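Taking it in order: structure first as structure tokens, then the write-up.
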There are 2 protein chains.
Amino acid sequence: MDVDEIAGIEEHCMQHPAVLAEIEKLKLPPGMTVCNDPWMYGTDDPNEKRRLFQCFMYIVEVDHPENNHYSLPCKFSPVFDARTKELVRMDYLPGGADHQTVETQPWVPVKAVQYAPELLDEPLRTDLKPYIVQQPQGASFSVDGNSVYWQKWRFRVGFNNREGLVLHNITYDKRNVFYRLNVSEMTVPYGGEHPRISLKYSNANITHLDPRAPYHRKQAFDVGDVGFGLNANQLSLGCDCLGHIKYFDGYRSDSKGNPVLLKNIICMHEQDNGLQYKHTNYRSNAATVKRNRQLVLQMICTVANYEYIFAYIFDQAGNVELEVRATGILSTVPFDNLNGETVPWGTNVGPGVMAPYHQHMFSLRIDPAIDGFNNTVYYEDSVPLPEDENNPYLVGYTTEQTVIRKSSSANTDVNRHRVFKIRNDNVINPITYKPVSYKLMAAPSQMLLLPKHAVGHQRAEFASKPIWVTKYQDNELFAAGEFTNQSKKADGVETWVQRNDDTENEDVVLWHSKSFLLLRQ
Amino acid sequence: MDVDEIAGIEEHCMQHPAVLAEIEKLKLPPGMTVCNDPWMYGTDDPNEKRRLFQCFMYIVEVDHPENNHYSLPCKFSPVFDARTKELVRMDYLPGGADHQTVETQPWVPVKAVQYAPELLDEPLRTDLKPYIVQQPQGASFSVDGNSVYWQKWRFRVGFNNREGLVLHNITYDKRNVFYRLNVSEMTVPYGGEHPRISLKYSNANITHLDPRAPYHRKQAFDVGDVGFGLNANQLSLGCDCLGHIKYFDGYRSDSKGNPVLLKNIICMHEQDNGLQYKHTNYRSNAATVKRNRQLVLQMICTVANYEYIFAYIFDQAGNVELEVRATGILSTVPFDNLNGETVPWGTNVGPGVMAPYHQHMFSLRIDPAIDGFNNTVYYEDSVPLPEDENNPYLVGYTTEQTVIRKSSSANTDVNRHRVFKIRNDNVINPITYKPVSYKLMAAPSQMLLLPKHAVGHQRAEFASKPIWVTKYQDNELFAAGEFTNQSKKADGVETWVQRNDDTENEDVVLWHSKSFLLLRQ
């Protein structure tokens, strides 16, 4: 992907006579204009070979750098060929709860919902007193180039166009822990906003089915199609973090292959996370207490309307956490809802605008090196013991271990409290007499809702299972395969596991897929 | 329960000739002594009417207010009648992976594992630089007696012996939200440490089954038996929180019914929780960003070895979270593990000491009042649409609502992304045109592992289902019933739901049971 190319499409769209003709029909009041967000084209036609962009159009209420155009979506949407710049088709978006589209009509004025403080009708709350973090002696970390040293942790900070922030060679107390850690893919299938879906759930008087409705093609691959590195915010004005901040720069390549410096693309700081530990001896009332200091490596990616805030958090007890915050603005569609209309596949978020349900499916790639490169992934279930003479009071329970001996996938299981662990069978903990290991705190989540034979599923099969284990091979970095843009089928983890490689006490990679399902209330 | 009574038992135990005789047999080195933790007696005999305590005995390595006696458990355990002070029985604890017990032998010296900084062999890390929170203008909250005002929130802080911290009459922006919010019960069934269980999992040469082994009676009810209020830490020396702190006092009653002042039993402060919101307009690079300020009400309870840190966290967007941190020290048992022995129902945590698996089952009681007292609980599943002509690209999904119309229980369901909501059917949101509601972010967790016909299950049936909905009745506050101590059966939510009350658009109570399963690695 190429950010310059998207910018080119966006500009080209605004100058195209067919687009200008549609805008003309809106008969906008003076001062109001139109803009567009070009979208990667989620192919639904196996014969489509062109590189396409679908532009979603929005009315700009006010000429302000933070105007929220997502509040006023238009009902026309041109598709362009990225290479030839040719207008492939003008799609029209339905306005109601059924599929019907009409020719572009004069805009019926409604007030946009704005988010920027300057554009709000109400003043902001002013009763929050300042909260200041001071580190008079500076931060507790030190940095040598891209190498970071904090407490017992050591690692290298990497960055590239596609994945953005990548952590390498992570060690704790001089022991190897992880070889490489990063988010390998993220896809957002929009499911539900297709107007024909409403037929099952409303009594709308449908006269025909419109094959042009484009929403089913909205399936972003924000790593493979877009690039978290390319979309990471340059934090030149500061990163809004508290305390002592260290910034790292990165580079992207432009469309000619030249390096482009990205200033302050990653930030690092310490934070306090409340109480880590407390124990009071109730006899003496003597207490030992420790607060939980953490080291945070952060990257903020803007993918048009959305923001993802990725934070790798290291603590003082050998834990590392990837925290993902999804923020920004919903991807909206036009919907004539001024008289109380609702749809069962989305939520009205303002006058004339609806946000369809969708899933965000992440793939965290964990290349472990726990006390060495030969590691084993297994899962452990908590299960009651049999009700027999050995368990007379029925209180007994134990754990069952299942080793993933061959490259494959696995499911979570809440009812068995299944946890996944990575261990080194060659190194025994001297206290527990069990192999040293790390536990993946995999909060179970719903997997891809698309059925297996849907194109959107085939393109993102990594998101159909929460756990994949492969044997390490060079160039296997991306869960949905290397080429996601207009892919018909992934060539990723679902392919690699089929090698049926040995994965016990081998150089393995653990891929964890996790969903965030966004249903606005 | 009566804290004075437990202290009396503890003291009485240490003076009893039979206990002193056992201690004598240990032949401890000069300067080393013995102490005990009295435990509520989880009855296994339906005819037992006495009020019993089982004392677990530990060797005190060093006379220090923070000596960790849990590191050196003894193998004898007296049972006392709380009323008569009579020694009911001397139990002997098995030392190996099988059930066998032996007469008390001279102690084989091992080094205790200590936690207090003064008692550690290694110095603490010193490379953490100071991290200081300053609020030069003070906190953003104000307080009038026990009423708290912060941003758009208003509520009253309550406290009692049993539940500890209780929040009342919570409103947001002058709208009712919750009538009462608190942790109603918590039980810890220890399951797995019973030595006979090992028969299924080891090849130990078992010659007989020992009916005396007492561990299956360890089932604490930390609200009903013990009282989070009675065990809350008085934070007279400060609460170790950062920034501007406000303390609330509480009262307990002593064994004569007199009020006893508990100074600084609850603390309140603000905290910063990172980025709440960011959006960058990629065209203009203009960004709006807000940090996430929170208000925290905190109570720390010490229940012998364990600490629970309860924090109710209010944010600026109408959310309230209950965060529970489990810390302190594991409840340990003696285990002769110096030659690499392990058991399948616990983890070696030091020389001669093992920590058995156990569950912590909490019940959060939510008495909602969302824009009024008549509310409805329902759950919402995310499901694919049928594969038919209305869903040609198979992308469609929608939500299915199931209203809990009669008092009953419900399960979570990860594969359907089930979420539970409380709504007011009488008040419609003017943007979404749907009833106003709150969502319970119920992270699915494994329920009680004890089978239904086990005594421990009957006593804690609330913990067998994650969701219970009852119609409000006075005096129904405790999920496992009012009298948990040596209960044979609960008389709590599982009884109340059987009334089959109407719960749609009624004064309802939502009870959420959640487990924390502790398996040390």
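Chain A is the first sequence line, chain B the second, and so forth, proteins listed ahead of strands; every chain is numbered from 1. These figures come from a predicted structure and were not determined experimentally.
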Name the region of [X], side chain, backbone, both or neither, that has any atom closer than 4.5 Å to a heavy atom of chain A.
X        : result
B:Leu124 : side chain
B:Val289 : side chain
B:Leu128 : both
B:Thr280 : both
B:Asn233 : side chain
B:Asn273 : both
B:Leu242 : both

Heavy-atom pair count under 4.5 Å with chain B, highest-scoring of [options]:
options                              : value
A:Gln137, A:Arg293, A:His69, A:His64 : A:Arg293
A:Ala287, A:Ala311, A:Pro351         : A:Ala287
A:Ser284, A:Gly456, A:Ser140         : A:Ser140
A:Ile428, A:Val296, A:Asn415         : A:Asn415
A:Glu10, A:Gln135, A:Lys278          : A:Lys278
A:Met447, A:His453, A:Glu323         : A:His453

Quick one: does [X]'s side chain have a donor or acceptor within less than 3.5 Å of a partner on [Y]'s backbone?
X        : Y        : answer
B:Tyr433 : A:Asn348 : no
A:Asn68  : A:Tyr115 : no
B:Tyr277 : B:Asn292 : no
A:Asn305 : A:Ile329 : yes
B:Thr399 : B:Glu380 : no
A:Glu400 : A:Val383 : no
B:Glu66  : A:Thr288 : yes

* Go through the structure and list residues passing salt bridge (charged side-chain N to carboxylate O under 4.0 Å, His left out) with A:Asp381, not counting sequence neighbours. =>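 Expected list: A:Arg416, A:Arg418.
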
Heavy atoms only, distances under 4.5 angstrom: which of [options] has the most pairs with chain A? Name it, please.
options                                : result
B:Gly243, B:Pro130, B:Ala454, B:Pro117 : B:Pro130
B:Gly350, B:Pro430, B:Cys35, B:Ala304  : B:Ala304
B:Arg291, B:Lys152, B:Glu270           : B:Arg291

* Asked: Are B:Asp37 and A:Arg283 close enough for a salt bridge, meaning some N to O gap below 4.0 Å?
  -> yes

* Asked: Any side-chain heavy atom of A:Thr327 sitting closer than 4.5 Å to one from B:His279?
  ->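 No, too far: nothing below the 4.5 Å cut-off.
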
* Starting from the C-alpha separation in whole Å, work towards a yes-or-no answer on side-chain hydrogen bond (donor to acceptor under 3.5 Å, both in side chains) for B:Asp127 and A:Gln151. => CA-CA 7 Å; B:Asp127 58 344; A:Gln151 289 269 298; 2.7 Å; yes

* Region of A:Glu341 that comes under 4.5 Å of a non-hydrogen atom in chain B ->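 Just the backbone, heavy atoms under 4.5 Å.
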
